[in-house]
Amino acid sequence: MRFNLYTDVKVFYKDTRDVLMRHEAQNLIPLGNIIIGNEGKDKAGWRDSAAWFMATVTNDSGILLTAIMTPPHNLTLYATNNKIRDDALKCLVEGLIAGDIIVPGVMTENSLAERFAGAWSAAAKTSYTIESKMRIYELFKVNPAIPLFGKMRLLEDKDLSFFPYWLEGFNADCFGDMPTPKPNLETYKYFVNKKKVYVLEHEGTEVSMAQKNREMQTVCGVSMVYTPPYFRGKGYASSVVAQLSRMILEQGFTKCVLYTDLANPVSNSIYQKIGYVPIGDSLTIKFGDADQYRRE
């Protein structure tokens, strides 16, 4: 059993891409990250691979476990073919501790997340709590019965008058952050320049948004779905997600993938009515104070 630490994202991409592609929809986040790193064009914020933790655990048969962490985000893991081995987890934990790697949390498939959390908390002498329970959905065809409102268009510079408040509202809903717009406008112009965020206009008013992200070989993600509180309950979120999903499929992708928080029954119901089908669950687990699990 070998722990392999990577410092070159291109080598990590070459070694792990085909393994992660075995469950493309499930691995949307780590796949998206290594594609960003391999291309090296976008180094804004966490996207600079120089700060990433990248590792695999292997034996003579190949990769057993893939791990990537893009600070400040949590560790993401994939057990090859979803076959979890405790000896591989033990090897990963030993490598993390030997390298004094701070692990704020882990986000991955339920069973793997729980087993890693048990191994990590015992070895690092820290506590852990389940922060959120997520469900992964995929869609092959949009339900034609979904009512469509208004016109969907790309986010533009003129939208910076409201987009910072929408983005921070989304972060507050999903992550519990304080919905306070940042003073640096470049934080928000990034999303305009990437041309991935779509705004739904209805009767001349912007009412909802969603983002197209993590374009894979056959899969494309849908994320950052947000409707301001005063526009909710009118079908706008359903409309923008349905329109964006249909556009993605028309562009040649075979399916769309999105994640939802199981604590929000409304969004889970909305996506299933559009045509999204659950394919698995994942957990986000947070660990105790980072200083507690540094080696003494």
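Below, each value reflects all heavy atoms present in this structure, side chains not excepted, and no hydrogens, waters or symmetry copies.
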Phe149 vs Tyr236 aromatic rings, parallel, tilted or perpendicular, using cut-offs 30° and 60°?
-> perpendicular

side-chain contact (heavy atoms from CB on, under 4.5 Å) assessment of Val222 paired with Tyr271 | CA-CA 11 Å; Val222 173; Tyr271 299 137; over 6 Å; no

Verify the cluster assignment for Leu112 and Ile285: are they in a single hydrophobic cluster under the rule of side-chain heavy atoms below 4.5 Å apart?
-> yes

Between Ile136 and Ala25, what is the shortest heavy-atom contact and its length?
-> CG2-O, 4.4 Å

If you group Ile, Leu, Val, Met, Phe, Trp and Tyr by side-chain heavy-atom gaps below 4.5 Å, do Val277 and Phe140 land in one group?
-> no

4.5 Å side-chain heavy-atom contact, Pro104 and Asn74 | yes

CG on Leu31 to OH on Tyr13, rounded to 0.5 Å = 8.5 Å

Under 3.5 Å donor-acceptor, Thr284 side chain and Glu131 backbone | no

When rounded to the nearest 0.5 angstrom, what distance separates OG in Ser245 from CD in Glu250?
-> 11.0 Å

Note, Val219 side chain near Glu138 side chain (heavy atom, < 4.5 Å) | no

Between the CE atom in Met54 and the OG1 atom in Thr7, the distance rounded to the nearest 0.5 Å is 6.5 Å

dist Leu92:CG -> Ile97:CD1 (nearest 0.5 Å) comes out at 10.0 Å

Stepwise side-chain contact (heavy atoms from CB on, under 4.5 Å) test for Leu20 and Ile34 = CA-CA 10 Å; Leu20 293 169; Ile34 65 171; 3.8 Å; yes

Using the side-chain contact (heavy atoms from CB on, under 4.5 Å) rule, take Lys255 and Ile248 through it: C-alpha gap first, then chi angles, then the decisive distance, then the call.
-> CA-CA 8 Å; Lys255 58 187 172 183; Ile248 289 170; over 6 Å; no

Check: Thr254 side chain, Thr218 main-chain N or O, donor-acceptor pair, under 3.5 Å = yes

What's the shortest heavy-atom distance between Phe53 and Ala55, and which atoms?
-> CZ-CB, 3.5 Å

Do the side chain of Trp166 and the main chain of Ser208 share a donor and acceptor less than 3.5 angstrom apart?
-> no

Side chains of Met209 and Asp159 in contact at under 4.5 Å (non-hydrogen atoms) = no

Ion pair Asp8/Lys10, N-O distance below 4.0 Å | no

Is it true that Asp42 and Lys196 have a side-chain N and a carboxylate O under 4.0 angstrom from each other?
-> no

Taking a hydrophobic cluster as the set of Ile, Leu, Val, Met, Phe, Trp and Tyr residues connected by side-chain heavy atoms closer than 4.5 Å, whether directly or through intermediates, do Ile279 and Ile84 fall within one such cluster?
-> no

Write out all pairs satisfying side-chain hydrogen bond (donor to acceptor under 3.5 Å, both in side chains) with one or both partners inside residues 103-115, taking only residues at least two apart or from two chains.
-> Asp86-Arg115

Check: Phe12 main-chain N/O paired with Thr16 side-chain donor or acceptor under 3.5 Å = yes

Mind checking what makes side chain to side chain donor-acceptor pair (under 3.5 Å) contact with Gln251, not counting sequence neighbours?
-> Lys212

Indicate the atoms forming the closest heavy-atom contact of Ile146 with Ser238, along with that distance.
-> CG2-O, 4.1 Å

Do the side-chain N and O atoms of Asn82 and Gln26 include a donor-acceptor pair separated by under 3.5 angstrom?
-> yes

Check whether Val192 and Tyr226 end up in the same hydrophobic cluster, where Ile, Leu, Val, Met, Phe, Trp and Tyr are linked by side-chain heavy atoms less than 4.5 Å apart.
-> yes

Provide the closest heavy-atom pair for Ile29 versus Arg214 in the form atom of the first, atom of the second, distance.
-> O-NH1, 3.0 Å

Within a strict 4.5 Å, meaning less than it, do heavy atoms of the Leu65 and Arg85 side chains meet?
-> no

Do Tyr137 and Asn268 have side-chain N/O donor and acceptor atoms under 3.5 Å apart?
-> yes

Flag side-chain contact, heavy atom, 4.5 Å: Val225 against Ser267 | no

For the student: nearest non-hydrogen atoms of Phe231 and Glu206, plus distance = CE1-O, 3.3 Å

Within 6.0 Å of NZ in Lys133, more than 12 heavy atoms from elsewhere = no

Roughly how far, to the nearest 0.5 Å, is CZ of Arg2 from CG of Asn59?
-> 7.0 Å

Heavy-atom side-chain contact between Val207 and Val240 under 4.5 Å = no

With distance as the sole test, does Asn143 use its side chain to make a donor-acceptor pair with the main-chain N or O of Lys273 at under 3.5 Å?
-> yes

Identify the two heavy atoms, one from Ile68 and one from Pro30, that lie closest to each other, and give their separation to 0.1 Å.
-> CG2-CB, 3.9 Å

So if you build clusters from Ile, Leu, Val, Met, Phe, Trp, Tyr with side-chain heavy-atom gaps below 4.5 Å, do Tyr259 and Phe170 land together?
-> no

What's the verdict on side-chain contact (heavy atoms from CB on, under 4.5 Å) for Glu39 and Arg47, showing C-alpha distance, side-chain angles and the deciding distance?
-> CA-CA 11 Å; Glu39 291 176 344; Arg47 299 167 188 85; over 6 Å; no

Any side-chain donor-acceptor pair under 3.5 Å between Asn4 and Thr58?
-> yes

So CD1 of Ile274 and CD1 of Ile270: to nearest 0.5 Å the spacing works out to 7.0 Å

Between Met107 and Leu283, is any pair of side-chain heavy atoms under 4.5 Å apart?
-> no

With respect to Arg135, which candidate in Thr260, Asp281, Asn264 satisfies the side chain to side chain donor-acceptor pair (under 3.5 Å) definition?
-> Asp281

Do the rings of Trp120 and Phe116 sit parallel, tilted or perpendicular, given the 30° and 60° boundaries?
-> parallel

Lys90 versus Met1: any side-chain heavy-atom pair under 4.5 Å?
-> no

